[in-house]
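First comes the structure, then the notes that go with it.
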Amino acid sequence: MMEKTILKSSFPQWIKSLQSFKVFIPKRENFGWELSSNNQILEIASDYTYPVVPPKKLIFPQEEIFFEFEQNPDNGIELKEVLPEESPQVIFGVRPCDGRAVEAMDLVFGGSFEDLYYWRRRRQTTLVGLACHQPPSENCFCLSVEGSPYSEDGLDILLTDLGDRYFVKALTEKGEKLLSEAPSLFKEITPKDREEKERVHLEAQGKIKRHLNGARELPEKIKAIFDSNFWDEESSNCLRCGICTYLCPTCHCFDINDETKSLAPLRGRRIRTWDTCQFPDFTMHSSGHNPRPDRASRLRQRLAHKFLYFILLYDRFQCVGCGRCISLCPVGIDIIEVLTRARNHGK
Amino acid sequence: MAAEFEPRIVAFLCKWCSSAGADLAGVSRMEYPPNVIPIQVMCSGSVSPLYVFSALSHGADGVLVSGCHPGDCHYIKGNYYARRRLALVKKLLEYIGLEPQRFQMSWVSATEGVKFSQLIYDLVKELKPLGPQTKFRRNY
Amino acid sequence: MVSLDQLKEEVKKALSSGKVKYFIGYENIGSGWQVRPAFIRQPEDVDRLVWTPACFHNLVRFLHDEKRRRAREKNPDIRPVGLVVKGCDSRSINVLLQEKYIERNDVYIIGVSCELTGVINITKLNQHLNGLKPQKVLFGSKGTFKVIVDDREIEIEAPDILADRCLECPANFPVIADVILGEEIKRNPGNRYQSISAYEKMALDERWSFWQQQFSRCLRCYACRSVCPMCYCDECVADSIAYAVTAETTADEKAQKTRWVERNPELSENIFYHLVRAIHLAGRCVDCGECERVCPVEIPLRLLNKKMEKEAKELFGYEVGFDPAQPPLIACFRDNDPQDFIR
Ligand code: SF4
Ligand code: SF4
Ligand code: SF4
C-alpha cells in the first residue's frame with residue numbers, strides 16, 4: 001500500500017504517461033456521464049457524478065463472442081475460439097460503490113469455475129476509484145449495504161479530491177504500477193494531507209440522505225414472506241423493462257445464443273449477451289412453462305438475489321447502494337422503500 | 001484495376017404480375033444485368049416491412065418490391081395496401097439516412113418484360129455509384 | 001382547473017359502487033414531488049391520489065397487463081379498470097378500441113384536461129432551476145407552473161418547461177371519457193412537427209450520422225417498448241424466444257421460428273429493432289412521449305414516431321386516435337394514395 005498526492009495540474013501528465021493502456025475517463029454526454037476512451041479528456045470534471053452505464057460494461061460487456069463455427073467441406077464443424085483482446089485498460093472515476101460491485105461480480109465469475117472471458121478482461125483492468133465528496137445521486141445509500149463513499153473494496157487506487165490535489169492511495173500492485181508510470185508527479189504525503197482526506201471522507205458520509213435500515217434482517221424476512229401477496233402489490237406498476245438490471249453495477253445475468261450467418265455451409269458464432277430476470281422470457285422453458293410467470297415473482301427474484309441468495313452464498317449483499325435503479329425506474333419502484341416495507345410486513 | 005462494384009438487388013416480385021413479367025423478359029431472351037436476386041411472393045401486399053429491413057441487414061445493396069398495376073391485383077386490393085405501407089417504409093428509411101435509390105417499388109405486369117428488364121438496367125446504374133450498402137448491414 | 005377533490009370523489013364513487021375493479025391514478029413518490037402510477041383498490045385509499053404537472057405517465061399501458069391477467073385466470077373479474085387519462089392518453093385508448101384489443105366497457109375513463117399547460121419535462125425543469133431542487137411542482141393559474149423551491153414560490157411560463165410532446169399536442173383534452181374534469185381550453189400547439197423539421201432538413205449523411213450515434217448506444221433494455229400503450233404484441237420480433245410459446249408449440253415450430261433480430265446490441269440489430277418499432281407504430285403512436293421519457297440513454301425516439309405521424313397525415317390525411325371507428329392506417333387505402341415514388 002502506497003500513499004501519495006498528485007496536483008490536479010499534474011494530472012493530465014499522469015494520464016498521458018499511461019501510453020500502454022487504454023484509458024477511460026468520465027465524459028459528459030447529453031444523457032449523463034459516460035466512461036469514454038477518446039483520449040481527449042485528461043482530467044476528471046469537478047461536477048462528475050457517476051456514469052449512467054456502470055463500469056461493469058468494460059469488464060462484462062453487453063456482448064461477448066465465445067467462438068465462431070464453420071462447416072468444412074467434409075461436413076465437420078470447425079470451431080475458432082475468440083478471446084477478448086490483450087489490451088490493458090485503466091478506468092478513472094470509478095465510484096466506491098461501483099468498485100464494490102466489481103468485487104461482487106468477481107465472486108460470481110470466479111470460485112471453483114473461472115469464467116475465462118470475464119477474467120481475461122478483469123485481469124487487464126485497473127480500477128482507479130474516486131471517493132465521493134457529494135453523493136452522486138440523491139438516491140445513494142451505500143452506507144446501508146456495508147459500503148461507504150470512500151470504500152476501497154475492489155479498487156486498485158482510491159483518489160480523494162483535496163481541492164488542488166488528489167490524495168492517492170494505491171491499494172494493489174496494479175495500482176502501484178500505475179503510479180510508477182510517472183513517479184515524479186507524485187509527492188510524499190504530509191500529516192495535513194491525511195487529516196484533510198479523513199475530514200473529506202467523514203463529511204461525505206454525512207451527506208448521504210437515504211438509508212435502508214436493518215438490511216441484515218432482510219434475508220430471513222424475504223424467506224418468511226416469499227409466498228405472500230406482498231410482491232403482487234409492490235410490483236403492480238412494474239413495466240418488465242430491463243433498466244433496473246442492465247444499469248445495475250452488480251447484475252450479471254446473461255444469455256447465450258448462436259447467431260448463424262449462413263445455413264449452407266453452416267457458419268456463425270456463439271455469443272453471450274446481457275439478459276435480465278425482469279424479462280418474461282428469461283425463465284421461459286422450452287415447454288412453454290414459465291416458473292416466474294408474473295411481475296411479482298420477477299420483482300421478488302431481483303430483490304431476493306441481492307438480499308437473500310447472495311448473502312447465503314457469499315455473506316454479502318449483492319446491492320452496493322448506488323441508487324441507479326431507483327433514479328431510472330420509469331414508474332418509481334424504489335428498492336429502499338420496497339425492502340423497508342418488506343421488513344415491516346406483518347408487523 | 002479493381003473489378004467494378006456490382007450491386008446486389010433483392011427483388012420481391014408478386015407471383016401474378018411482376019414475377020411473370022420477369023419470366024417473360026427471360027423467355028423472350030431480353031438481357032438484363034444479373035444483379036437481381038428474385039424472391040417470388042404471392043402478392044406485393046404480403047411484403048412485410050420486415051422483409052425489406054431484413055434484406056438490408058443481410059447486406060442487400062438495393063431492395064425492390066414489385067407488384068401488379070393498380071386495379072390488376074389478383075387479390076383485388078393487395079397492391080394498394082403495399083403502396084401505402086411501403087411509402088411509409090421508404091420515408092422512414094430515408095429519414096434514418098439510407099440513400100433513396102436503395103429502396104424502390106414498381107408496377108410490372110405479366111406482359112411488361114421490356115419494362116422489367118429496363119428497370120433492372122436503371123436500378124443497377126443508379127446503385128453502382130453508391131457502392132456497397134453498409135449502413136444497415138450486419139457486421140459479422 | 002382540474003379539482004383534485006373532485007377527482008378523488010369520482011374515484012371513490014366508482015370504487016365504492018363496485019363499478020370498477022380497481023383504479024389507476026397517480027401518487028407522489030415518498031415525500032417528494034415526483035409521481036408514479038398508483039393502484040387504488042379501496043375507496044379509503046383515494047387520498048393517495050394526486051394530479052400534478054409530473055403526471056406524465058400514460059396509464060393506458062396497464063390495460064395490457066389486465067388483459068393478460070384475464071386470459072390467465074379461470075374466472076376473471078371482468079369489471080372495467082378505472083384510469084386517469086390526459087388527452088394524449090385518451091387517444092391511445094381510441095387506438096386500442098380501433099384495433100379491438102379492448103372493448104369500451106373494459107375501461108372506465110376519468111379524463112383530465114391539460115387546459116393551458118400539460119406535463120413538464122424534468123430536464124427542462126432542472127435546467128430552468130439551475131441547480132436548485134424543487135420541493136413541489138404544481139399547476140399555476142393561466143398557463144403557468146408553480147414550483148416551490150427553498151420554500152419560495154416560482155412561477156414558470158408553461159412553454160419554458162413543457163414536455164416537447166405537449167408543445168406539439170393536437171388536442172390537450174380527452175377525446176373519450178366517462179367523466180371529464182377541467183375545462184376544454186385549447187392551447188395553441190403551433191407547428192405540430194416542429195421537433196423533426198431540423199432533421200428533415202439535414203443532408204442525408206448528416207442524418208445518418210445523427211441516427212447512427214443515437215442507435216449505437218441503445219441498450220435494448222426495451223423500456224421504450226414496455227412503457228408504450230401500443231406495444232402489446234405477445235410476441236415481438238425483437239425477442240429471441242417468443243412469449244407466445246405454449247405447451248402446444250411443437251419443437252419444429254420453435255426451431256423454424258425466424259429470428260429477425262439478434263440479441264447482440266450492435267448497430268445493425270439496434271437499427272432493426274427501432275425500424276420495426278417505428279413502422280409498427282405508424283398510424284398508432286399517439287405521441288404520449290413515454291418511450292422517449294423512459295429511455296435511460298435518452299435516445300430521441302419521438303423524432304422517429306413523429307416523422308411517421310407526419311407522413312401519415314401528409315400522404316394519407318390520417319390522424320391517429322380521434323376516431324375509434326376508423327380503420328387502422330395500414331389496413332385501409334384510398335384510390336388516390338400517392339404513388340409518384342413507384343416506377
Ligand atoms: S401531450 Fe397534450 S394531452 Fe398529453 S399531456 Fe401534453 S398537453 Fe396534455
Ligand atoms: S429505452 Fe432506450 S436503451 Fe432501452 S431499448 Fe429503448 S431506445 Fe434502447
Ligand atoms: S411510441 Fe412512444 S409516444 Fe408513441 S404511443 Fe408508444 S410510448 Fe407513446
Side-chain angles (χ1 to χ4, degrees), chain B residues 44-45 48-54 56-59 64-67 69-71 73 77-108 112 115-116 118-120 122-123 126 130 134-140, chain C residues 196 199-200 202-212 214-215 237 258-262 264 266-283 303-312 314-316 318 329-343:
Chain B
S44 56
S48 158
L50 277 177
Y51 298 1
V52 179
F53 303 152
S54 190
L56 293 168
S57 117
H58 283 86
L64 169 70
V65 179
S66 189
H69 287 268
C73 176
K77 298 190 286 197
N79 51 359
Y80 290 106
Y81 291 124
R83 181 173 68 181
R84 187 169 263 215
R85 187 185 312 144
L86 296 173
L88 292 166
V89 169
K90 191 159 173 60
K91 291 284 183 191
L92 177 63
L93 290 172
E94 289 173 25
Y95 184 62
I96 303 297
L98 189 77
E99 296 82 357
Q101 296 89 328
R102 297 208 191 267
F103 175 66
Q104 302 284 355
M105 198 175 163
S106 64
W107 305 136
V108 172
E112 290 179 320
K115 178 174 180 184
F116 185 79
Q118 188 56 45
L119 176 67
I120 302 303
D122 294 347
L123 292 188
E126 288 161 29
L130 298 182
T134 52
K135 289 177 177 167
F136 292 11
R137 193 172 74 193
R138 279 189 179 154
N139 254 335
Y140 75 97
Chain C
I196 60 172
Y199 299 92
E200 290 183 314
M202 279 182 184
L204 192 82
D205 281 331
E206 220 183 320
R207 234 170 19 229
W208 166 247
S209 84
F210 170 76
W211 283 113
Q212 187 182 13
Q214 306 303 318
F215 291 143
V237 292
T258 312
R259 247 193 6 217
W260 298 101
V261 191
E262 296 289 2
N264 76 62
E266 289 174 27
L267 182 62
S268 61
E269 309 311 293
N270 292 355
I271 287 187
F272 202 116
Y273 164 61
H274 286 291
L275 285 177
V276 170
R277 189 158 179 277
I279 206 76
H280 200 180
L281 287 161
L303 298 180
L304 282 181
N305 301 322
K306 201 71 188 168
K307 171 71 176 168
M308 292 288 91
E309 180 189 323
K310 175 169 177 232
E311 294 301 340
E314 285 185 354
L315 298 175
F316 314 119
Y318 192 94
L329 173 67
I330 56 163
C332 64
F333 60 84
R334 297 186 300 199
D335 287 345
N336 60 350
D337 275 353
Q339 55 175 353
D340 48 350
F341 68 103
I342 300 179
R343 304 164 74 127

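Within every chain, numbering begins at 1; the chains are lettered A, B, ... in the order of the sequence lines, protein sequences first and strands thereafter. We use all heavy atoms of the structure for the numbers below, so side chains are in, but hydrogens, waters and symmetry mates are not.
Interface residue Ala331(C): only backbone heavy atoms are found under 4.5 Å from chain B. Contacts of Arg138(B) with chain C are made by both backbone and side-chain atoms, with heavy-atom separations under 4.5 Å. Residue contact with chain C, scored on non-hydrogen atoms closer than 4.5 Å, involves the backbone and the side chain of Leu92(B) alike. Using a 4.5 Å cut-off between heavy atoms, Leu315(C) touches chain B through its side chain atoms alone. With a threshold of 4.5 angstrom between heavy atoms, Phe215(C) approaches chain B through side-chain atoms but not through N, CA, C or O. Looking at Lys135(B), the atoms closer than 4.5 Å to chain C (heavy atoms on both sides) sit in the backbone and in the side chain alike. Contact annotation for Ser57(B): only side-chain heavy atoms (C-beta onward) come within less than 4.5 Å of a heavy atom of chain C. In this structure, no portion of Glu206(C) lies under 4.5 Å from any heavy atom of chain B. Of the two parts of Trp208(C), the backbone and the side chain both hold a non-hydrogen atom closer than 4.5 Å to a non-hydrogen atom of chain B.
Ion pair Asp337(C)/Arg85(B) not flagged as a salt bridge, since none of the NZ, NE, NH1 or NH2 atoms sits closer than 4.0 Å to an Asp/Glu carboxylate oxygen. By the 4.0 Å N-to-carboxylate-O rule, Glu200(C) lies too far from Arg207(C) to be salt-bridged with it.
Ranked by heavy-atom pairs under 4.5 Å with chain B, the first of Gly283(C), Cys332(C), Ala203(C), Pro338(C) is Cys332(C). Residue with the most contacts toward chain C among Ala87(B), Pro70(B), Pro49(B): Ala87(B) (heavy-atom pairs, distance under 4.5 Å). Note on Val108(B), Asn139(B), Leu98(B): by heavy-atom pairs under 4.5 Å with chain C, the leading option is Leu98(B). Between chain C and the options Leu119(B), Ile96(B), Leu93(B), heavy-atom pairs under 4.5 Å are most frequent for Ile96(B). Highest contact tally toward chain C, considering only Gln104(B), Lys77(B), Arg84(B), is held by Arg84(B) [criterion: heavy-atom pairs under 4.5 Å]. Heavy-atom pairs under 4.5 Å with chain B peak, among Gln212(C), Met202(C), Glu262(C), at Glu262(C).
Between Trp211(C) and Leu303(C), some side-chain heavy-atom pair lies under the 4.5 Å cut-off. Between Phe53(B) and Ile271(C) there is no side-chain heavy-atom pair separated by less than 4.5 Å. With a 4.5 Å cut-off on side-chain heavy atoms, Leu304(C) and Leu281(C) do not count as touching. Side-chain contact between Tyr273(C) and Trp260(C) is absent, with no heavy-atom pair separated by less than 4.5 Å.
Panel note: side chain His58(B), backbone Ser54(B); a donor-acceptor pair is recorded below 3.5 Å.
Side-chain contact check for Asp122(B) and Gln118(B): at least one donor-acceptor pair (N or O, by modelled atom type) lies under 3.5 Å.
Classification of the His69(B)-Trp107(B) ring pair by plane angle, with boundaries at 30° and 60°, yields tilted.
When each of Asn79(B), Leu86(B), Val52(B) is paired with Met105(B), the side-chain contact (heavy atoms from CB on, under 4.5 Å) condition holds for Leu86(B) and for no other.
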